[in-house]
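Only heavy atoms go into these numbers, but all of them, side chains included; no hydrogens, no water, no symmetry mates. First the proteins, then the strands, lettered A, B, ... as listed; each starts at 1.
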Amino acid sequence: MQAVKTIYPVSRLADLVPVLLWAGLAVLLAAAIAFSGPGSPITGLQVMICALTLFVGAIVASFSRRYMRADSRQAPFFATLAALLASVLAVVLAGNLPVLAIAWLASGLLLARLVGHADGWAEAQASARRIRRTFLLGDGALLLALALLGLNAQSTDITRVLAAVPALHALEVTVIALLMLVAAAARCALPPFSGWLLSSMTAPTPVSALMHAGLVNAGGFLLLRFAPVLEAAPLARYAALAIGLLAALWGLAIMAVRPDIKRSLAGSTVSQMGFMIMSCGLGAYTAALWHIVAHGLFKAWLFLGAGSALGMRDGRDTLMAGSRTVGLVAALCLLAGSYLAFGTGMNGELLPLMLAIATAAATLVMAVARASALKARLVLLAAVAALLGFHVLGYALVDILQPGEAAPLLPPFAILLLLACFLASWWWQALRMERGNSLPPALYVRLLNAGALAPATVGESR
Amino acid sequence: MSDTKVADIPLYPLRKIEIVVLAEDHLLVQDLLKAAGVGGWTMIRDVAGMGHHGFHQGKTIFNDQSGLVMFLGVGEGKVIADVARGLSRLFESRPGVTFLSDVQVMRSDYFAKANA
Amino acid sequence: MNMHADIALAERMPTRTEVAGLVGLASRTVAPLWPLESAIAVNPLAGFEDMPFARAVQIAAQRFGARRSLPLPLWRAVLRTGRIEERALRDAAIRHLGGSLAAAAHIAPGVTALDLLLARMVQIAPENAPEQVGALPPDAAFIAKWCGAFFDHGAAATPMPHRELGLYRAVLALAGHDPEYRALAGKAGRDLLLQVPRDPLEAIAEGLVEIAGEADELEVLSSLVARLPGWAGHIRWRCEHADAELVAGAPATMADLLALWMLLARAGALCEGHGAAPLRENVADCLAGHFGLELDALARGALARLQAVANIEEDALGAIFMAAAEWTYANDLVPRLQGASRLGRQGVQPDAQLVFCIDVRSEPFRRALEAQGKFETLGYAGFFGLPIALHPFGGTRRSRLLPVLLSPQHDVAETVVEGREAEAGQLAEIQQRNAAGAQIFTAAKLSAGMAFATAEATGPVAALAMMGRTLAPRLATRAQSVLRKRREQAFTPALHGPGRHCGFSLEEKVGYALALFRLTGLGQDTARLVVLAGHGGSAVNNPYAAALDCGACGGHGGGHNARLLAAMLNDPAVREALAEHDVAIPQSTLFLAAEHDTTTDEVRIFDRDLVPESHREDLARLDAGLARAGQQNRVRRAGLLGRSPGELLAGAGDWSEVRPEWGLAGNAGFIVGPRWLSQDIDLDGRAFLHSYDWRADADGTALTTILTAPMVVAQWINCQYLFSTIDNQRYGSGDKVTQNLIGRIGVVQGNGGDLKVGLPRQSLFKDDGTPFHVPQRLLAIVHAPTDRVARVVEANDILGRLFGNGWVQLVVIDPETGRASRWREGEAVPGEGRDQHSLTC
């Protein structure tokens with residue numbers, strides 16, 4: 001019997017799309033550098049988000065070349081992927097309202113199609129339907145808000161629309177801002193809209209990676225682009241703060257409870273998006289934008305590497321820092337934070353900054369405690385220092401590109417209270433883990449069920 | 001319950017059950033014994049035997065699941081009868097034999113029903 | 001009167017013991033499912049092996065709602081590739097119709113029944129059943145969800161509360177809070193939660209009384225177990241094969257699972273089972289139309305015959321195809337082996353002998369190597385006969401490096417190689433540091449204070465990592481192999497253990513050494529170099545990576561076992577004792593250990609520094625041969641995968657590669673005999689090869705050992721591939737791209753549901769959707785006297801079962817007469833009515 005030799009032509013689109021995306025990224029970076037400086041046609045915000053989208057898109061497309069090789073519908077997959085990325089770019093680069101709206105709608109529909117890509121699978125179709133339903137609500141709110149803005153400014157050009165915002169009546173602008181918040185929350189999968197993201201595991205892994213990295217942050221982009229609207233409506237800012245805070249803690253709880261890796265990562269995304277929206281509400285735009293970019297890269301990497309989550313582990317392996325360490329770090333941070341808040345007048349950026357410092361401190365302590373040899377400790381410390389350095393550099397870069405900040409929303413003590421909220425939850429987590437307590441049953445069940453699709457009717461499970 | 005004495009050693013009457021099954025079924029029998037509450041049992045491996053299906057060799061060197069094993073368990077009449085009832089269901093589909101007999105033991109507390 | 005009814009009810013209730021027995025029998029419906037980190041191939045229909053193959057497939061299909069055969073279009077694709085010959089297809093069709101006479105029955109001028117049947121198989125368009133995979137019904141989804149939470153093994157930072165109570169009682173405690181349970185069971189369900197017994201066996205007993213009614217209790221329980229074969233299989237693994245301390249924190253038995261099903265059943269929440277596929281209506285018309293006949297114009301007898309052919313189900317057509325595939329394979333292979341048997345051995349003293357695992361992937365490499373020089377290769381079980389469990393250096397858990405049919409007899413510790421203490425210390429440090437880093441990272445991701453800053457800080461690093469892994473995968477492969485080589489040089493499994501790890505006594509060592517010679521027929525005049533080569537695969541970011549490793553070593557690489565046996569065979573005391581057993585190995589022989597990486601086709605020889613000066617030249621020649629053979633084999637395998645050899649190498653370290661190698665796909669035969677029998681035949685990587693010399697095995701113990709262990713493992717592998725191909729959704733694990741790792745032990749598809757058994761689509765099907773693995777039963781070919789084989793089969797239950805029920809086909813090539821005989825599958829109980837007849841040869 002001779003060996004069976006066949007040629008398997010990888011779909012040509014599969015070869016073309018990654019190349020296009022990498023080329024697009026290069027072009028974008030070149031253009032950004034060439035046209036930098038005031039008076040440039042695109043803002044730093046747009047450059048950053050486009051760069052993120054193109055980068056993650058290129059990585060996902062290159063990944064999919066091999067990963068999706070056995071897919072029966074490769075060409076439609078790559079075509080939809082390319083179209084989705086194009087629509088996201090259109091949303092980001094749009095100069096006028098109709099383009100923005102159409103591209104926004106298109107990106108939602110294309111995303112739903114990719115999530116339901118698997119042919120003939122009832123669950124995938126159900127997930128896709130859920131996405132379309134949720135986005136219907138959010139997109140409807142957005143269309144209404146954009147229409148109101150356009151009517152007020154008598155123009156479709158976004159710059160002119162934003163310039164005309166101060167002319168709006170307070171009630172009007174609040175309504176518009178709240179509508180935009182609803183649209184952002186739907187796209188960012190904040191509760192009560194988190195269901196669609198938590199049940200989207202039927203998507204192929206690269207699609208999930210792209211979704212969590214480059215698509216859910218569309219909500220954040222919206223709020224940043226239309227920042228003047230948000231700033232003119234303090235009620236909306238408070239709402240963003242509240243919903244963001246809730247999402248941040250709720251998402252982390254879901255992440256801690258889910259046994260399957262993809263839904264656990266989805267819970268993490270909900271939490272991170274909540275934090276980002278909260279930063280938007282507080283007016284810390286630099287922090288929010290940096291969070292969008294860095295989290296996108298982080299989440300894409302985790303998702304694409306989700307196939308390595310194997311190997312039975314002892315529960316003891318994931319012990320966090322002891323509650324005493326956490327308590328100490330938290331107290332010190334609060335102290336430092338009070339100084340900064342009352343002394344230097346730092347407001348919205350205080351929260352991410354203090355959390356970063358707390359993280360660095362706690363990580364250093366854990367590194368010293370876990371590793372026993374001196375050399376190992378030094379290496380771990382160096383790693384932490386390097387990460388901290390990257391963080392600072394990234395933040396500085398974003399700061400240069402996106403210099404705007406909003407007026408502070410909360411008085412200093414409220415900011416400290418917010419900080420204390422996070423630090424207290426952290427301390428409570430550490431305490432509970434140390435004592436071996438589990439969550440109260442009712443809460444556990446609630447978290448476990450979060451995002452579950454409605455029970456299917458009895459299908460012909462073939 | 002009358003005690004018989006043989007040369008000053010007190011002996012207590014109990015029931016004994018001996019079960020010979022395929023080695024691959026030994027977990028089934030263990031579950032049965034545990035569920036009935038038999039305190040402990042002896043298992044003899046690598047048993048060979050002759051039966052309706054021919055002669056079974058002892059275990060082969062690379063396969064623990066071939067060959068036969070034999071269980072020996074002792075307990076009160078009710079408990080052993082329970083085990084036998086459970087086994088009868090097993091023997092409807094799996095090969096094996098079981099023997100029940102009366103037996104006398106030296107330490108009756110040792111064979112008391114396991115704490116459920 | 002009511003009182004009598006109650007007494008009757010109480011009398012009918014089974015006792016705990018009876019229920020325990022029933023539960024034990026019912027749990028046999030599914031096979032144990034190993035966690036993916038040490039994936040073992042098992043037959044998904046292992047509980048049905050008592051029945052003849054065809055009947056088992058039918059009953060299992062009913063139980064699990066699965067298909068009985070590969071769909072017709074896919075069979076036709078296999079036919080086009082040439083794995084099925086037209087002639088064999090005709091013969092199989094004739095047999096199905098009942099013989100040549102019935103096949104030639106007249107339907108119309110020029111049209112016989114055989115023509116009709118062949119047209120149905122090859123030409124008529126099959127029914128266009130859309131591949132709709134329905135969602136799991138709500139009752140199964142509920143239990144699957146709780147199983148997922150309960151059996152989590154380190155994925156979730158917050159484990160399920162009350163796990164120490166056991167699966168049943170823990171879910172009882174939490175179900176009251178679960179809105180899904182309320183939706184399923186309603187108020188009745190809530191009341192039940194309070195009333196139902198806390199002991200799972202009693203709960204099942206009560207449930208059986210209430211719902212079983214007239215039906216057989218065992219049937220009821222078996223069908224419930226079969227509703228979630230993945231989780232049930234996992235429970236069986238926990239109860240029967242897992243180390244006790246691993247699962248102590250969350251005890252679960254099959255009784256727990258069945259008690260949960262009983263709870264739902266009593267609450268009226270059970271959903272209907274699987275519907276039957278509708279039979280196609282107008283086949284007769286299609287057939288008639290195809291041949292240009294008028295149905296009304298046919299004679300009565302002809303019409304009846306046409307209807308009979310039209311009524312054959314598509315599954316039966318698939319069975320005909322399978323038989324044709326098996327016959328094609330046998331008709332090609334057996335005569336060639338017979339021819340070689342008649343020619344006999346052409347003896348040439350080899351420069352080196354290599355002992356490989358029986359795995360099908362060894363065969364092409366062996367062929368390539370034998371072409372490079374005077375190398376002789378043999379096949380032996382991949383664990384080299386050593387029933388060990390290894391305690392890795394710096395690790396807490398032991399790995400079982402032996403077939404799952406055995407339990408470990410020796411605990412071996414991994415120790416530092418002499419003279420490499422510094423290196424070992426460094427590696428241990430690096431390992432510990434990486435572990436600490438990973439722990440910190442995991443903790444940081446979910447602490448409320450650290451999660452956000454961690455995401456921000458790690459983002460840029462993640463970008464670099466992604467770029468590196470996607471655009472330069474070969475760097476990753478190289479780094480991986482460098483690290484592995486360093487580890488293998490610094491650590492080795494210890495032959496003599498201190499303290500609590502028992503070593504090997506001299507008798508044991510001699511026993512294992514002798515087993516190698518006895519079972520493979522390796523002569524005592526060994527070559528200057530004898531290499532014991534285990535094997536393993538390499539893949540990254542791949543849940544099924546362990547499925548590419550050696551199944552005989554419990555889903556791990558075979559290098560450790562090889563090293564131990566080589567050390568034993570080099571021991572002078574052992575050689576002395578062997579000489580007393582008539583195995584006098586020459587002084588000049590040196591035993592080496594190696595591991596064959598089946599993904600990259602590299603053979604890494606261990607402990608090269610210990611090779612004395614005298615053998616350096618031989619080793620250099622061997623190295624050259626191995627390198628050339630590896631290159632050749634890579635080219636061949638790359639062609640099968642549709643890539644370039646360079647891409648194949650990169651694939652071993654590429655995180656996006658779903659198919660780094662074909663693994664054991666294509667397996668079809670198991671040849672027990674000397675290598676010279678099959679040496680000149682290109683077996684195309686489809687045969688397991690175990691060396692056996694019938695002359696050296698007068699009493700048949702070696703043959704018994706080979707057939708009752710390695711062949712059984714091969715049958716499991718064959719059945720897993722077979723059924724995973726036939727129905728990839730039910731018996732296999734579906735498409736890899738939508739898999740979701742759960743609990744660090746297995747995968748589910750999409751959002752949740754049953755734990756998946758079997759192999760993913762990508763391991764079995766080519767990119768264009770046609771099967772790469774041809775679903776056919778294993779063909780065992782034994783080169784030994786017929787009466788010896790008959791004796792061995794009669795003396796061992798398991799062989800009678802496998803051969804008698806047609807799970808494995810047995811062909812015996814008698815070396816003395818040269819005739820080939822086939823073991824005929826009997827319907828009767830093993831021990832009665834077996835006879836043999838010759839193949840046409």
Side-chain angles (χ1 to χ4, degrees), chain A residues 1 4-5 8 59 62-63 66-67 69-70 72 120-123 199 201-202 204 255-257 259-262 272 275 294-295 297-298 301 305 307-313 318 320 355-356 358-359 366 370-371 373 376 387 390-391 422-423 425-426 438 441-442 445 455-456 458-461, chain C residues 36-37 81 131-135 137-138 148-149 152-158 161 174 177-178 271 275 429 433 436 440 442-443 446-450 452-453 455-460 462-463 465-466 470 541-543 639 642 656-658 684 737-738 740-744 750-751 762 767 769:
Chain A
M1 294 185 215
V4 180
K5 273 194 183 227
Y8 309 106
I59 294 274
S62 304
F63 187 91
R66 293 225 178 83
Y67 200 74
R69 64 173 359 131
S72 53
W121 190 11
E123 201 181 344
S199 61
M201 276 66 241
T202 55
M255 180 191 189
V257 151
D260 50 332
I261 181 91
K262 285 191 181 174
Q272 303 277 355
F275 188 79
H295 165 257
L297 300 169
F298 175 69
W301 177 59
S308 334
L310 263 191
M312 294 183 281
R313 283 204 294 226
T318 52
M320 299 200 288
L355 284 180
T359 308
M366 281 201 284
R370 288 296 167 76
L387 287 176
F390 273 121
H391 182 41
F422 282 100
L423 294 174
S425 324
W426 182 21
S438 213
V445 175
V458 179
E460 313 90 62
S461 35
Chain C
L36 279 181
E37 67 183 49
T81 63
E131 275 292 327
Q132 185 69 10
V133 179
D152 169 55
H153 222 116
T158 308
L174 294 175
H177 305 279
D178 193 351
C271 303
E429 232 180 71
R433 185 191 70 206
I440 296 176
T442 313
L446 32 93
S447 312
M450 297 202 278
F452 311 106
E456 292 174 9
T458 325
M466 282 197 291
T470 312
N541 200 23
N542 193 338
S656 65
E657 184 55 71
V658 280
D684 202 18
V737 305
T738 47
N740 186 358
L741 278 160
I742 191 167
R744 299 188 76 91
N751 292 317
Q762 276 84 348
D767 292 341

**Q** Return the CG to CG distance between C:Leu36 and A:Leu310, rounded to the nearest 0.5 Å.
**A** 5.5 Å
**Q** Determine whether a donor-acceptor pair (N or O, by modelled atom type, separation under 3.5 Å) exists between the side chain of C:Glu37 and the backbone of A:Met312.
**A** yes
**Q** What's the separation between atom OG in C:Ser656 and atom OH in A:Tyr67, rounded to the nearest 0.5 Å?
**A** 9.5 Å
**Q** Quick check for you: among A:Ser199, A:Pro259, A:Ala294, A:Ser308, which has the greatest number of heavy-atom pairs under 4.5 Å with chain C?
**A** A:Pro259
**Q** Measuring from A:Met255:CE to C:Leu446:CG, what's the distance to the nearest 0.5 Å?
**A** 5.0 Å
**Q** Based on non-hydrogen pairs under 4.5 Å, which of C:Ala465, C:Pro543, C:Ala436 is most in contact with chain A?
**A** C:Pro543
**Q** The test is side-chain contact (heavy atoms from CB on, under 4.5 Å); show your working for A:Thr202 and C:Thr738 and say whether it passes.
**A** CA-CA 6 Å; A:Thr202 55; C:Thr738 47; 5.6 Å; no
**Q** Quick check: closest heavy atoms across C:Met450 and A:Trp426, and the distance to 0.1 Å?
**A** CG-CZ2, 3.5 Å
**Q** In terms of relative ring orientation, are C:Phe452 and A:Phe275 parallel, tilted or perpendicular, with 30° and 60° separating the classes?
**A** parallel
**Q** Quick check on C:Asn542 against chain A: is it the side chain, the backbone, both or neither that has a heavy atom closer than 4.5 Å?
**A** backbone
**Q** Pick from A:Gly305, A:Ala358, A:Ala356, A:Ser425: which one has the most heavy-atom pairs with chain C under 4.5 Å?
**A** A:Gly305
**Q** Counting heavy-atom pairs under 4.5 Å to chain A, which of C:His153, C:Arg744, C:Gln762 comes out on top?
**A** C:Arg744
**Q** Select, from C:Ala149, C:Gly459, C:Ala448, the one with the greatest count of heavy-atom pairs under 4.5 Å involving chain A.
**A** C:Ala448
**Q** If you count heavy-atom pairs within less than 4.5 Å of chain C, which of A:Pro204, A:Gly311, A:Ser72 leads?
**A** A:Gly311
**Q** Let me confirm one number: the CZ-CD distance from A:Arg66 to C:Glu657, rounded to the nearest 0.5 Å.
**A** 6.0 Å
**Q** Output the distance between atom NZ (A:Lys262) and atom CD1 (C:Ile742), rounded to the nearest 0.5 Å.
**A** 12.0 Å
**Q** Between chain A and each of C:Gly148, C:Pro161, C:Gly769, count heavy-atom pairs under 4.5 Å; write down the option with the most.
**A** C:Pro161
**Q** Can you say whether C:Thr470 sits under 4.5 Å from chain A via the side chain, the backbone, both, or neither, judging by heavy atoms?
**A** side chain
**Q** Are C:Glu456 and A:Thr359 side-chain neighbours, meaning at least one heavy-atom pair lies under 4.5 Å?
**A** no
